[in-house]
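Side chains are part of it too, since the values below use all heavy atoms of this structure and drop only hydrogens, waters and symmetry mates. We name chains A, B, ... by the order of the sequence lines, and we start the count at 1 in each one.
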Amino acid sequence: MRSLQTGKPLKIKLGADPSRPDLHLGHSVVLKKLREFQDLGHEAILIIGDFTAMIGDPSGKSKTRPQLSAEEARENGKSYFEQASKILDATKTTICYNADWLGKMSFSDVIRLSSHYTVARMLERDDFERRYRSREPISIHEFLYPLAQGMDSVHLKNDVELGGTDQKFNLLVGRDLQREYGIAPQVCITMELLVGTDGKEKMSKSLGNAICFNDTPNDMYGKVLSIPDTLIETYHRLLVTRNKELLTALLEHIADNPREAKRTLAKDIVAQYYSINAALEAEEHFDRIFVQKKAPDNIELVEFEQNSIAVTDLLVSLGAAPSKSEARRMIQQNAVTVDEKKITDTNVLVQLDDIPKTLKAGKRKFYKIAAKKTF
RNA sequence: GGGUAGAUAGCGAAGCGGUCAAACGCAACAGACUGUAAAUCUGUCGACUUAUGUCUUCGGAGGUUCGAAUCCUCCUCUACCCA
């Protein structure tokens with residue numbers, strides 16, 4: 001509406017947290033939305049929260065989130081942008097670092113800023129309220145967080161701010177602050193949070209349920225296949241297309257043949273981040289290892305100086321086990337084979353020669369081992 | 001400044017003088033099963049030349065004791081309450 005009235009493109013703001021520079025599919029939901037705006041001719045602004053990251057956020061689960069130095073924050077911000085470029089039109093994206101303005105605020109500026117908000121309003125936030133009531137600690141600077149983020153909106157005078165639904169409170173604070181500072185208040189758009197591969201928690205690197213932009217095609221494909229069937233539709237809607245007809249067709253497909261529906265989803269997603277060919281290869285790889293339970297064909301060869309080595313040492317030196325005790329356990333649990341032959345004795349020496357042998361430790365770890373040629 | 005509670009393995013959380021390498025849950029790893037790296041079930045889960053063996057762990061440093069995660073002293077850190 002505002003755009004129609006003024007005839008100017010909208011400024012769309014999206015905040016990025018550089019303390020976790022590994023983007024995953026959860027981030028992509030909101031990035032895709034931003035891309036839609038770009039395609040409509042609006043201005044996308046990616047804010048790297050390097051200033052806020054430097055303070056370090058002790059809230060919630062990540063109590064010990066590391067405080068970043070200015071350099072690290074910039075570095076991570078760069079990486080964030082590179083990854084985001086898989087979805088955004090990089091040439092049309094403005095990047096800002098909020099240290100550029102937040103870092104210049106004086107203490108009296110901060111006091112003035114905080115005078116615009118009350119503790120009661122801060123406590124409206126579910127998370128704060130819950131912690132306050134259950135007597136969990138809340139640091140003052142956590143209150144300053146939404147304010148700092150809101151200052152970004154004041155500084156940028158953006159028309160729209162995007163975020164996940166978990167950002168709703170922060171976005172609304174930004175809106176309020178803009179009004180306080182006499183700026184047209186932003187429209188806040190929150191996107192559904194993507195549930196991780198565990199099917200329970202929101203996708204997050206630290207919960208280990210994330211599918212990252214930088215995952216290899218094989219990993220990405222496999223991780224998508226591991227989601228619960230109930231999530232297929234959601235993933236498709238948030239990550240592939242929102243086209244209603246396609247979605248209806250998909251629903252039938254899922255009811256009909258969940259296996260194929262999920263394989264298609266996995267291919268679609270890998271193809272987005274890599275290519276159709278990569279997706280097909282990933283599928284082949286997956287079938288080979290997990291359906292047919294064969295070794296992959298391109299395993300890196302590891303060469304050893306000696307002609308024989310104890311299995312336990314071998315497993316440790318390959319990184320298949322963190323300690324010899326662990327290696328022994330794996331052997332006792334029938335997890336280790338050499339050239340398809342199960343190792344049952346934890347003390348056995350593995351003979352090595354020029355011809356590589358295939359070592360399998362567990363379902364997913366494969367190694368090719370050989371003695372270094374001496375001639 | 002005063003008070004209270006607390007610091008235990010990757011995380012959460014029991015233990016409160018010996019039977020503690022330490023319950024239990026989560027995570028992780030392995031096996032079975034499966035369309036799946038899901039779910040479920042089973043097992044493992046400090047390290048070491050695998051032994052009913054040795055060594056190092058329960059915030060840190062000392063101490064009491066035949067023996068301490070458990071008791072005492074000091075220190076460090078955390079949270080909450082009162083001022």
Side-chain angles (χ1 to χ4, degrees), chain A residues 24-25 56 58-65 130-140 142 195-201 203-212 215-235 253-267 269-270 279 282-296 308-337 342-349 359-366:
Chain A
H24 53 65
L25 296 186
S59 72
K61 290 172 186 170
S62 51
K63 274 183 201 143
T64 50
R65 186 187 281 186
R130 203 207 74 241
R131 284 159 63 197
Y132 184 69
R133 280 209 296 202
S134 60
R135 300 187 156 190
E136 282 172 55
I138 302 174
S139 304
I140 298 293
E142 293 184 69
V195 176
T197 53
D198 58 0
K200 292 178 205 133
E201 306 273 357
M203 187 174 282
S204 129
K205 189 90 194 288
S206 50
L207 291 175
N209 61 1
I211 303 176
C212 296
D215 279 343
T216 63
N218 288 346
D219 280 346
M220 203 180 255
Y221 184 90
K223 284 183 185 177
V224 176
L225 276 203
S226 80
I227 64 171
D229 287 359
T230 49
L231 236 47
I232 300 177
E233 191 258 331
T234 312
Y235 266 48
H253 192 200
I254 294 173
D256 208 52
N257 190 341
R259 183 182 117 99
E260 272 313 308
K262 201 187 272 183
R263 287 165 70 96
T264 309
L265 173 70
K267 268 186 286 187
I269 290 175
V270 175
E283 179 163 78
E284 253 173 63
H285 178 262
F286 186 89
D287 285 347
R288 188 183 169 93
I289 293 179
F290 298 110
V291 181
Q292 298 163 37
K293 296 185 196 293
K294 284 187 194 151
S308 70
I309 182 167
V311 240
T312 47
D313 289 325
L314 179 65
L315 289 168
V316 172
S317 64
L318 287 170
S323 68
K324 289 191 197 178
S325 303
E326 187 64 35
R328 256 181 236 112
R329 260 173 236 132
M330 290 175 83
I331 294 163
Q332 280 161 1
Q333 291 173 138
N334 292 324
V336 182
T337 62
K342 202 160 276 176
I343 304 280
T344 47
D345 180 357
T346 54
N347 293 317
V348 87
L349 286 177
L359 175 83
K360 185 183 174 210
K363 277 180 211 162
R364 294 151 66 181
K365 293 185 217 116
F366 292 92

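No option in Thr197(A), Ile211(A), Asp215(A) other than Ile211(A) meets the side-chain contact (heavy atoms from CB on, under 4.5 Å) test with Val224(A).
Lys262(A) places a side-chain N or O within donor-acceptor distance of the main-chain N or O of Leu225(A), the cut-off being under 3.5 Å. Under a 3.5 Å cut-off, the side chain of Tyr235(A) and the backbone N or O of Val195(A) do form a donor-acceptor pair. Between the side chain of Asp287(A) and the backbone N or O of Glu284(A) there is no donor-acceptor pair closer than 3.5 Å. Lys223(A) places a side-chain N or O within 3.5 Å of a backbone atom of Ala210(A) that can act as its donor or acceptor partner.
Across all their heavy atoms, Ala279(A) and Val270(A) have their closest contact at CA-CG1, 3.7 Å. In plain terms, the two heavy atoms of Leu315(A) and Ala361(A) that are nearest each other are CD2-CB, 4.0 Å. Nearest approach of Gly362(A) to Met330(A), heavy atoms of both residues: N-CE, 4.3 Å. Contact detail for Leu359(A) and Leu318(A): the closest heavy-atom pair is CD2-CD1, 3.3 Å.
Using atom C1' as the reference point in both rG25(B) and rC80(B), the two lie 26 Å apart (nearest Å). rA27(B) sits 9 Å from rU40(B) when the P atoms are compared, rounded to a whole Å. Between rA51(B) and rC58(B), the two P atoms lie 29 Å apart (nearest whole Å). rG60(B) and rU70(B) have their P atoms separated by 10 Å, with the value rounded to a whole Å. Only the C1' atoms considered, rU8(B) is 10 Å distant from rG59(B), to the nearest whole Å. Rounded to whole Å, the separation between the P atoms of rA7(B) and rC72(B) comes to 14 Å. Rounded to whole Å, the P atom of rC77(B) lies 32 Å from the corresponding atom of rG46(B). With both ends at atom P, the span from rG53(B) to rA30(B) equals 29 Å, rounded to whole Å.
Distance Gln332(A) CD to rA32(B) C1': 18 Å, rounded to the nearest Å. Atom CD of Glu326(A) is separated from atom C1' of rU50(B) by 15 Å (rounded to the nearest Å). The distance from atom CE of Met330(A) to atom C1' of rU50(B) is 18 Å, rounded to the nearest whole Å. Atom NZ in Lys365(A) sits about 9 Å away from atom C1' in rA30(B), given to the nearest Å. In this structure, Arg329(A) places its CZ atom 9 Å from C1' of rC29(B), rounding to the nearest Å. A straight line from CZ of Arg328(A) to P of rG31(B) spans 19 Å, rounded to a whole angstrom.
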Nucleotides 35-43 of chain B: protein proximity per nucleotide (B base, S sugar-phosphate only, - neither; heavy atom, under 4.0 Å): BBBS----B
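Between Lys324(A) and rA47(B) there is no side-chain N or O to OP1 or OP2 distance below 4.0 Å. OP1 or OP2 of rA47(B) has at least one side-chain nitrogen or oxygen of Ser323(A) nearer than 4.0 Å.
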Base-pair map of RNA chain B as dot-bracket, where | denotes pairing with a different strand and pairs are Watson-Crick or G-U under 3.5 Å: ((((((((.[[[..)..(.....]]].(((((.......))))).(((....)))...[[[[[..)....]]]]]))))))).
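Salt bridge annotation for Asp219(A)-Arg364(A): absent, with no cationic side-chain nitrogen under 4.0 angstrom from a carboxylate oxygen.
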